[in-house]
Amino acid sequence: MKENGIVFGNAGVSSDVDILMKELELKVKATQGEVVWLSGLSKDFENIYVVKSMNNEFGKHMGFLVVKVKQEIFNKLFKAGHSSSNRRMDIINNTNTVIASNKKEKVGIHQSNTEDTNTGSDSLTYKNKVENGWEIIISTKNSYLMKEINGVISYIC
C-alpha cells in the first residue's frame, strides 16, 4: 500500500483504505521498518495485519507492506487441542486485547490485568510470551486434569 493510498494486489482488500492508512500511519510509521502485528484496526477483530513500513534508499517513506491474515486461522489450532469446554485458550496482543480465543465472546475484549485471563483457582493456567510481544494463555480446569490423572492411576493399579 503506497502512501498515496494506491493498493497493489487488491483482491479482498477492505473498501475503507483511507481509514486503514491513517491507522497504519499512527501505529507503524514510527517503527522505522520493524514488522508490527496489529489487530482491532477500525474495530476489526476478524483480521490480523502484519505490517512493515517501507522506505526508499534515502529514508523517504514510500508506503506499507501489509499482509492480512484471517483470525479464523487460529480456530484450527483451537480445534486441534482437547475438548474446548474444559480449556480456555486466548491470544492476547501487546495492548492486552484478546485477538483470538476458543471462546468467541472474548475476542476484542481488553484485559485490564493478568487476573482477567485466569478462570480462578479451579484451573491451571499456562502463559507464554510470543516473539512479537503477544501472549498465549491456556487455562485448563483442575477437574479435567484430575480426570486424566485418575484414569492413568486406575490403569497402572
Side-chain angles (χ1 to χ4, degrees), residues 1-121 123-141:
M1 183 180 308
K2 290 181 75 175
E3 191 163 302
N4 62 4
I6 295 174
V7 177
F8 295 95
N10 61 359
V13 169
S14 167
S15 61
D16 218 346
V17 174
D18 290 336
I19 292 172
L20 183 61
M21 280 294 294
K22 286 179 181 153
E23 288 195 55
L24 289 177
E25 284 185 85
L26 290 172
K27 296 180 186 215
V28 180
K29 205 169 179 179
T31 64
Q32 306 204 350
E34 289 182 34
V35 174
V36 178
W37 292 67
L38 300 170
S39 65
L41 290 176
S42 299
K43 305 284 185 208
D44 173 15
F45 290 97
E46 294 297 317
N47 297 296
I48 296 167
Y49 297 87
V50 183
V51 185
K52 181 173 175 49
S53 180
M54 305 299 289
N55 298 330
N56 67 12
E57 62 272 10
F58 304 109
K60 182 179 184 282
H61 180 72
M62 300 300 291
F64 300 99
L65 175 62
V66 181
V67 177
K68 182 169 82 171
V69 179
K70 292 278 186 197
Q71 185 271 344
E72 67 192 31
I73 197 166
F74 292 109
N75 294 341
K76 292 178 186 176
L77 295 173
F78 297 143
K79 289 177 184 173
H82 296 286
S83 171
S84 63
S85 65
N86 295 304
R87 184 173 288 162
R88 179 170 159 194
M89 296 177 270
D90 297 331
I91 299 175
I92 314 287
N93 70 9
N94 47 1
T95 62
N96 292 327
T97 302
V98 178
I99 59 141
S101 178
N102 63 331
K103 309 290 185 201
K104 292 272 188 204
E105 65 276 7
K106 299 295 181 189
V107 175
I109 294 176
H110 180 77
Q111 301 294 325
S112 60
N113 59 43
T114 55
E115 290 302 312
D116 288 345
T117 59
N118 295 331
T119 57
S121 61
S123 298
L124 174 68
T125 301
Y126 170 79
K127 296 179 183 185
N128 191 18
K129 196 141 195 123
V130 187
E131 199 174 299
N132 64 5
W134 293 359
E135 276 189 313
I136 297 174
I137 301 172
I138 302 172
S139 294
T140 306
K141 291 183 179 178

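Just so it is clear, the model here is predicted, and its values are computed rather than measured. For the numbers below, each heavy atom of this structure counts, side chains included, while hydrogens, waters and symmetry mates do not.
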K.L.:
For Ile99 and Trp134, work out which heavy atoms get closest and say how close.
P.N.:
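Minimum heavy-atom contact is CD1-CZ3, 3.1 Å.
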
K.L.:
In this structure, are over 12 heavy atoms from other groups packed under 6.0 Å from Glu57 atom CD?
P.N.:
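More than 12 within 6.0 Å, yes.
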
K.L.:
I'd like to know if the side chain of Ser101 reaches the main chain of Met89, judged simply by a donor and an acceptor atom lying under 3.5 Å from each other, with no hydrogens or angles considered.
P.N.:
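Between the backbone of Met89 and the side chain of Ser101 there is a qualifying donor-acceptor contact (under 3.5 Å).
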
K.L.:
With a 4.5 Å limit on heavy-atom distance, are the side chains of Arg88 and Asn102 in contact?
P.N.:
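In short, these two side chains touch, coming nearer than 4.5 Å.
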
K.L.:
I need the Thr97 OG1 to Ile91 CD1 distance, nearest 0.5 Å.
P.N.:
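Here the interatomic distance stands at 13.5 Å.
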
K.L.:
Return the set of residues passing side chain to side chain donor-acceptor pair (under 3.5 Å) with Asn47 (not counting sequence neighbours), or none when no residue passes.
P.N.:
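Only Asp44 meet the side chain to side chain donor-acceptor pair (under 3.5 Å) criterion with Asn47.
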
K.L.:
Could you tell me the separation between the NZ atom of Lys129 and the CD1 atom of Ile137, rounded to the nearest 0.5 Å?
P.N.:
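Interatomic distance, Lys129 NZ to Ile137 CD1, rounded to 0.5 Å: 9.5 Å.
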
K.L.:
Between atom CZ of Arg87 and atom OG1 of Thr140, what is the distance when rounded to the nearest 0.5 Å?
P.N.:
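Output value for this atom pair is 4.0 Å.
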
K.L.:
Measuring from Lys68:NZ to Ile48:CD1, what's the distance to the nearest 0.5 Å?
P.N.:
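Lys68 NZ to Ile48 CD1: 12.0 Å, rounded to 0.5 Å.
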
K.L.:
Is a donor on one side and an acceptor on the other found under 3.5 Å between the side chain of Asp90 and the backbone of Ile92?
P.N.:
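Judged by distance alone, no pair lies under 3.5 Å.
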
